[in-house]
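Heavy-atom basis, side chains included; hydrogens, waters and symmetry copies ignored. Not measured: the values here are computed from a predicted model. The chains referred to below are lettered A, B, ... by the order of the sequence lines, with proteins before strands, and numbering in each begins at 1.
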2 protein chains.
Amino acid sequence: MFKKILLAEDFQDTNKGIVDALENRFQIENIQEELYCDKAFNRFKVAHAQGEPYDLLITDLSFKESHVERRLTSGKELIQAVRSIDPDIKIIVNSMIDNPIEINPLFTEFKINGYVCKGRNSLNELIMAMEEVRQNRTFVSPQINLNSANNVIEMDKYDIMILKDLADGLTKKEISKRLKKNKISPNSESTIDKKISRLFDEFGAKNTHHLIAKLIKQGRI
Amino acid sequence: MFKKILLAEDFQDTNKGIVDALENRFQIENIQEELYCDKAFNRFKVAHAQGEPYDLLITDLSFKESHVERRLTSGKELIQAVRSIDPDIKIIVNSMIDNPIEINPLFTEFKINGYVCKGRNSLNELIMAMEEVRQNRTFVSPQINLNSANNVIEMDKYDIMILKDLADGLTKKEISKRLKKNKISPNSESTIDKKISRLFDEFGAKNTHHLIAKLIKQGRI
DNA sequence: AAATCCCTTACGGAAATCTGTAAGGGATTC
DNA sequence: GAATCCCTTACAGATTTCCGTAAGGGATTT
């Protein structure tokens, strides 16, 4: 089993629960817990530089803000930073997010090895994940259906930019002006109109209020 | 210290962290953990009926859905059910919510005794909360400023109902019709117009898109 | 080269939003 | 009782949204 584990999780109770479980279950020699991404990354760097690298990172995705100034503010950033230094370290994400759209890129872009969704069985799942990952397999909590991410309507950055502007209270005329000023094309009011209308159909929205409300609730804009 | 504690928390890792901490810190004789509100409530009822009631309930607010059919689906409902049977049991809420607007009513309406906000120090805070509550005082995590809830713009149920309708894509005309059908007054298109316009000013919103976006992001609708 | 497809843009009309004015009614104040 | 305040409602005009039609241009297909 893994010998040297780094745990990044900002909730004290969750953190303790995981540490206790792993120590009881696996008799891990060396498990280091951190409440901040930055501190976790520092530990990782030092260990790597000293030739005694961690062989597993377990990390949450969202970390609370705090009075401490932070450079890395999310698990995603931590993973990216860690991966840029060590392409081989195994990474398991332990988070409450259950949206395949957000989880999928973690595997494809950041090459994580396992995803455990916090819930009523997540400690057991974390242990399963560790066993799978140890044998160079991936693990995803069974309640997550990554395939459903394929059914999802695609929106490109342009669409999202316009929707954010709308949510910020700009009219289509104002958005058109802004795009022209910033030399972003296409930028006619008519095209913006069409883009939004297409999204109405795709998301089953009755009007702009409805569309914006849906997308914000889904965490897409 | 408390002798008989009931813990309702659906995340396995958090649950375990709390149980371990309390057992180490206080040598509680009897701490019962549950992952579901319904199961927690059943335990509570049985204990109460047998004349051996719990003297502290620690509960989360949000519980994940599951395949198991659930009657109580949130910590709020659990608290309400418990309070209706036992007005004396001490209740400490342990949740990640940090919005005073949502926390305040728990004290005023449901007479909870303590509120711990999940975070980097929340196990320690939970222990402090237990000591305070034990002495019939209340406890709130220091980072929560309940006073700031007073500065907040008030919206009554009527306002929120209309805003939710708008977010669901209804036009003002449709909302007016619906109110008339349900014999809710006032219900003229004009009054609805005025209500929304007032909220534009209060929330600094440029138009309805903007207002809805702001309020959903704030978790108010 | 012609046909086709897709994207951008313009335009127009119906509906909805936004804003201001004004009238009526109930409650409170003087 | 008169004056005042606040809430509800009606109405009207300017702006914006929504949706359909249509023209032009670039890329691909036939």
Enumerate the side chain to side chain donor-acceptor pair (under 3.5 Å) contacts for residues 59-73 of chain A, please, sequence neighbours excluded, ordered by first and then second residue.
D60(A)-K118(A), T73(A)-E77(A)
Salt bridge (charged side-chain N to carboxylate O under 4.0 Å, His left out) filter on E174(B), not counting sequence neighbours, yields none
Mapping T208(A) and S185(B) to their closest nucleotides on DNA chain D, which lands nearer the 5' end?
S185(B)
Just call it for D201(B): base, sugar-phosphate, or nothing, with non-hydrogen atoms closer than 4.0 Å on any strand.
nothing
Sequence neighbours left out, what pairs pass side chain to side chain donor-acceptor pair (under 3.5 Å) with at least one residue falling in residues 33-49 of chain B?
E34(B)-R43(B)
For atom NZ of K206(A) and atom C1' of dC18(D), their distance in whole Å:
15 Å
Under the side-chain hydrogen bond (donor to acceptor under 3.5 Å, both in side chains) rule, collect the residues that match up with E189(B), sequence neighbours excluded.
none
Here the distance between atom C1' of dT17(D) and atom CD1 of I212(B), to the nearest Å, is 14 Å
Using a cut-off of 4.0 Å on non-hydrogen atoms, how would the nucleic acid contact of K195(A) be classed: base, sugar-phosphate, or nothing?
sugar-phosphate
Residues in salt bridge (charged side-chain N to carboxylate O under 4.0 Å, His left out) contact with R137(B), at least two apart in sequence or another chain:
E132(B)
Considering residues at least two apart in sequence or located in another chain, which fulfil the side-chain contact (heavy atoms from CB on, under 4.5 Å) criterion with S197(A)?
none
Polar atom pairs (N or O), protein with nucleotides 10-16 of chain D, under 3.5 Å:
residue	atom	partner	partner atom	Å
dA10(D)	N7	S190(B)	OG	2.9
dT16(D)	OP2	K173(A)	NZ	3.3

Quick one: salt bridge (charged side-chain N to carboxylate O under 4.0 Å, His left out) pairs with a partner in residues 92-113 of chain A, sequence neighbours left out?
none
Walk along DNA chain C from 5' to 3' and tell me the first and last nucleotide with an atom closer than 4.0 Å to a non-hydrogen atom of chain B.
dA16(C) to dT21(C)
Between D193(B) and K172(B), is the closest basic N to carboxylate O distance under 4.0 Å?
yes
